[in-house]
Amino acid sequence: MRLILLLGAFLMSVSAPAAATPETAQPGWSLVIHGGAGILERSRVSPETDAAVRVALDRALAAGSDVLRQGGSAMDAVQAAIIVLEDDPNFNAGHGAVYTYEGTNELDAAIMDGTDRKAGAIARAHNTRNPILLARKVMEESPHVLLSGEGADRFSAEMGLVQVDNSYFGTPERKRQLEELKAKKVGWFDVDLKYGTVGAVARDTHGNVAAGTSTGGLTGKRYGRIGDSPLIGAGTYADDRSCAISATGAGEFFIRVGVAHEICTRIRMKAEARAEFLAQEAERGGTTLDAASQARLLASSLSAEEVQAIADAVIGEMGALGGSGGIIYLTPWGHKGYSFDTPGMFRGMASSDGARSVAIYGDE
Ligand code: ASP
């Protein structure tokens with residue numbers, strides 16, 4: 001019933017002289033970022049870390065927003081936001097990455113363009129100062145999607161990206177976390193603490209979406225372990241027909257569920273079914289919908305609750321397998337948000353309507 005009313009209002013508006021142009025009817029740009037999920041409770045996060053993380057998240061939002069405000073692409077905005085977080089030692093990506101069991105740092109990253117579903121990723125890179133830039137080079141300068149280890153390092157140098165010694169990535173706090181993990185002698189790696197991976201999803205003023213994720217993985221990882229972050233469809237995915245996703249959490253579970261792709265697929269299925277229904281209704285009313293009109297209708301007919309419910313359902317399925325973590329999402333039609341099953345997630349969002357916020361705890 002709501003749809004029919006909506007359609008009626010829409011059909012009336014397109015025939016009225018004051019009808020909005022597709023541009024004004026489309027939502028403007030938006031950006032959502034995360035800096036990892038985990039056991040982030042007020043009693044466990046020091047006031048200094050709380051403050052420093054909020055400043056860093058806001059800086060990342062500012063960097064991405066600047067790109068989008070000037071009409072730049074979602075890809076450039078995702079990259080700009082992630083570089084800020086990679087350079088900040090509070091996050092498990094770039095400088096501040098967690099240590100492997102052997103005491104080295106191995107970086108994973110991925111980036112994906114929803115326009116044409118081009119993607120680039122790297123796993124177990126050792127010397128690229130900003131791993132997200134290497135993922136983008138893989139996408140733009142190679143025929144591949146995922147490069148790993150020494151090959152990724154060589155490709156990075158050949159591409160002229162800034163190289164650093166592996167010791168650049170670690171910090172005393174990350175060393176302490178590794179020692180603590182080893183002293184506990186539990187499990188394979190630290191899946192219980194804070195994850196700290198960083199990610200961004202953006203929608204530009206052209207209606208395109210992009211997603212990116214960058215991480216050091218999990219503290220104490222061994223045997224060449226690779227998580228979900230650089231795996232397209234698991235920790236990172238973008239498709240202009242549905243959504244953009246970046247994940248953080250216990251990567252093994254995100255891989256098994258294919259979390260990022262699964263959420264996008266469910267949204268796409270719902271959107272396509274809704275679009276078909278709307279087109280049929282319009283046809284019955286004697287109107288043919290062009291693409292811009294369809295996009296406008298879709299934006300208002302897929303509710304924020306429906307999209308959130310899809311994200312929550314997939315996170316719930318991942319959790320039911322024994323994992324934990326969260327995702328950030330946005331759709332080409334302007335829906336945006338978070339879903340996580342941990343007590344908190346470092347996160348933030350900004351959009352062209354002037355809103356800009358950062359948060360850490362689940363109750364914020
Ligand atoms: N998902 C990442 C991994 O499993 C870890 C994180 O989110 O911090 O490698």
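Order of listing sets the numbers, starting from 1, for every ligand and every atom in it.
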Kindly confirm or rule out an N or O of [X] lying under 3.5 angstrom from an N or O of ligand 1.
| X | result |
| --- | --- |
| Gly251 | yes |
| Glu252 | no |
| Asp108 | no |

Handout entry: Flag, side chain of Asp204 to backbone of Ser73, donor-acceptor distance under 3.5 Å
Key = no

Exercise for the section: List the atom of Pro230, the atom of Leu146, and the distance in Å for their closest heavy-atom pair. Expected result: O-CD1, 4.1 Å

Problem - Candidate pair Asn130 and Asp87, rule side-chain contact (heavy atoms from CB on, under 4.5 Å), full reasoning - result: CA-CA 8 Å; Asn130 288 109; Asp87 290 345; 3.1 Å; yes

Handout entry: Neighbour count >12 (heavy atoms, 6.0 Å) for atom CZ, Arg176
Key = yes

Handout entry: Exercise: do Ser246 and His34 side chains pair donor with acceptor under 3.5 Å
Key = yes

Practice task
Using only heavy-atom distances, determine whether the side chains of Thr213 and Ser229 contain a donor-acceptor pair under 3.5 Å.
Solution key: no

Enumerate the atoms of ligand 1 whose separation from the nearest heavy atom of [X] is less than 4.0 angstrom.
| X | result |
| --- | --- |
| Gly249 | 1 (N), 2 (C), 3 (C), 4 (O), 5 (C), 6 (C), 7 (O) |
| Gly217 | 5 (C), 9 (O) |
| Asp228 | 1 (N), 2 (C), 3 (C), 4 (O) |
| Thr248 | 6 (C), 7 (O), 8 (O) |
| Thr197 | 2 (C), 5 (C), 6 (C), 7 (O), 8 (O) |
| Gly227 | 9 (O) |

Exercise for the section: Check step by step if salt bridge (Lys or Arg N to Asp or Glu O under 4.0 Å) holds for Glu281 and Arg284. Expected result: CA-CA 5 Å; Glu281 287 296 305; Arg284 253 197 288 276; 2.6 Å; yes

Problem - Ser229 and ligand 1 - part of the residue with a heavy-atom distance under 4.0 Å - result: side chain

Fill in the blank from the handout: Within the 4.0 Å heavy-atom cut-off, what His34 brings close to ligand 1 is neither

Problem - With Val53, the side-chain contact (heavy atoms from CB on, under 4.5 Å) member among Val45, Val358, Asp58, Asn90 - result: Asn90

Problem - Sub-4.0 Å heavy-atom contact, Gly196 with ligand 1 - result: yes

Practice task
Would you check whether Lys221 reaches within less than 4.0 Å of ligand 1, judged by its heavy atoms?
Solution key: no

Exercise for the section: Quick one: do Lys182 and Glu179 satisfy salt bridge (Lys or Arg N to Asp or Glu O under 4.0 Å)? Show the steps, please. Expected result: CA-CA 5 Å; Lys182 285 186 168 176; Glu179 299 310 330; 5.5 Å; no

